[in-house]
Amino acid sequence: EIERKGSYIMPAFDLRGIRIGTYKNTDGAITYTDHTSMGDAMNVNLELKYAEGRLYAESKLAEYMKLATGGTISVGVKYIPDAAQKILFGASEKSRTPGSGGTAVKGLQFTTKDIGKYVGLACYAPDQIDGTTKYTCLFVSKVLFGPPAMVYQTKGDSITFQTPTTTGEFLADDSTTQALIETAAVATEAEAIAWTKLVLGET
């Protein structure tokens, strides 16, 4: 058995609407709660992993099997909102009051005990399909992300935007279909928004 990889890249033009929901398995029934935005979308790249098997008989290849086993996903956004960081990385609120009698400032705290939650992720982007503008939709049913790298630097001769990219592992969900990813092409943005809400169970 050899693990192979293959890429799936969402359309790079005008990616929109990355939303997540906390993954919940109830006796094989999959639902998503605590829906929230993952931030202003920049890019989403997936790399599927495959297990391959070959059976040789009579000095030739007699059987070949290739099965998707999961993969990695990287998501680039302008900024990850606090609500999403609490779900994705297990962050918690931390309040401090600087100065004497100052105003309390709420921030996020990350500890060695923080554990992120599995989430479902959905997004969409306009795309050209057979010369017609369509909206390509993507849904990843079960993924666990890790915190992005934090980069800080002093001002130099040019302006550099520091935007977070978080990477995660996605795997088959716990339903009978063992779903990994789902895609669809719809005619309008309204249909794309409705599709992403539908797969995440948003009302």
Side-chain angles (χ1 to χ4, degrees), residues 1-32 38 41-77 88-89 115-149 165-187 191-192 194-201:
E1 182 179 289
I2 302 175
E3 189 177 77
R4 301 293 187 184
K5 298 180 179 180
S7 296
Y8 178 88
I9 303 176
M10 281 292 288
F13 175 72
D14 206 13
L15 182 69
R16 305 174 188 174
I18 302 180
R19 293 189 65 78
I20 58 172
T22 303
Y23 176 92
K24 185 177 180 181
N25 170 28
T26 306
D27 298 325
I30 309 304
T31 56
Y32 300 91
M38 198 169 166
M42 294 177 62
N43 58 73
V44 172
N45 297 323
L46 289 89
E47 191 171 81
L48 284 165
K49 296 178 181 178
Y50 299 94
E52 292 182 306
R54 292 176 172 84
L55 175 65
Y56 290 86
E58 298 289 338
S59 300
K60 65 180 181 180
L61 181 64
E63 297 288 345
Y64 172 72
M65 182 175 289
K66 185 175 184 178
L67 297 173
T69 58
T72 58
I73 177 173
S74 65
V75 178
V77 292
L88 294 170
F89 316 130
I115 299 175
K117 297 178 181 178
Y118 282 108
V119 297
L121 178 148
C123 60
Y124 68 93
D127 198 6
Q128 285 290 316
I129 301 175
D130 296 329
T132 303
T133 299
K134 300 273 188 178
Y135 287 83
T136 297
C137 306
L138 171 70
F139 174 56
V140 184
S141 57
K142 186 179 182 181
V143 57
L144 184 65
F145 285 100
T165 296
T166 178
T167 301
E169 291 282 332
F170 66 90
L171 58 158
D173 67 20
D174 298 292
S175 66
T176 55
T177 60
Q178 297 185 11
L180 287 170
I181 64 174
E182 182 180 345
T183 63
V186 298
E191 289 177 312
W195 189 92
T196 57
K197 289 185 175 182
L198 176 64
V199 293
L200 285 173

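Computed over heavy atoms, backbone and side chain alike; hydrogens, waters and symmetry mates excluded.
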Requested in this report: Please determine which of L138, T196, V75, N43 meets the side chain to side chain contact (heavy atoms under 4.5 Å, CB included) test together with I18.
Outcome: V75
**Report entry** Closest non-hydrogen atom pair between A122 and F139, with its separation
**Finding:** CB-CD1, 4.2 Å
Query raised in the report: Between the side chain of Y32 and the main-chain N/O of L121, is any donor-acceptor distance below 3.5 Å?
Result: no
Report summary line: Residues passing the side-chain contact (heavy atoms from CB on, under 4.5 Å) test with T167, sequence neighbours excluded, are S74
Query raised in the report: Can you name the residues that form a salt bridge (Lys or Arg N to Asp or Glu O under 4.0 Å) with D173, not counting sequence neighbours?
Result: none
Query raised in the report: Is there a side-chain contact between Y56 and L61 (heavy atoms, below 4.5 Å)?
Result: yes
Requested in this report: Show your reasoning for whether side-chain contact (heavy atoms from CB on, under 4.5 Å) applies to T133 and Q128.
Outcome: CA-CA 5 Å; T133 299; Q128 285 290 316; 2.7 Å; yes
Report task. Identify the residue among L180, T72, V143, I181 that makes a side chain to side chain contact (heavy atoms under 4.5 Å, CB included) with L46. Result -> I181
Query raised in the report: Between atom OG1 of T183 and atom CH2 of W195, what is the distance when rounded to the nearest 0.5 Å?
Result: 7.0 Å
Query raised in the report: Which heavy atom in V77 sits nearest to a heavy atom in A41, and how many Å separate them?
Result: CG1-CA, 4.3 Å
Report task. Quick one: closest heavy-atom pair of G71 and E169, and the distance? Result -> O-OE1, 3.2 Å
**Report entry** Neighbour count >12 (heavy atoms, 6.0 Å) for atom CG, L67
**Finding:** yes
Requested in this report: Look at the side chain of T136 and the backbone N and O of D127, then say whether any donor-acceptor pair between them is shorter than 3.5 Å.
Outcome: no
Query raised in the report: Would T166 and F89 count as a side-chain contact (heavy atoms from CB on, under 4.5 Å) if you check the C-alpha gap in whole Å, the side-chain angles of each, and the deciding distance to 0.1 Å?
Result: CA-CA 10 Å; T166 178; F89 316 130; 3.7 Å; yes
Report task. Kindly check if the number of other-residue, nucleotide or ligand heavy atoms within 6.0 Å of CD (E182) is above 12? Result -> yes
Query raised in the report: Given the rule in the side-chain contact (heavy atoms from CB on, under 4.5 Å) test, do L88 and M38 qualify, once you have shown the distances and angles that lead to the verdict?
Result: CA-CA 9 Å; L88 294 170; M38 198 169 166; 3.8 Å; yes
Report task. Kindly state each residue pair satisfying salt bridge (charged side-chain N to carboxylate O under 4.0 Å, His left out) with at least one member in residues 133-148, sequence neighbours excluded. Result -> K142-D174
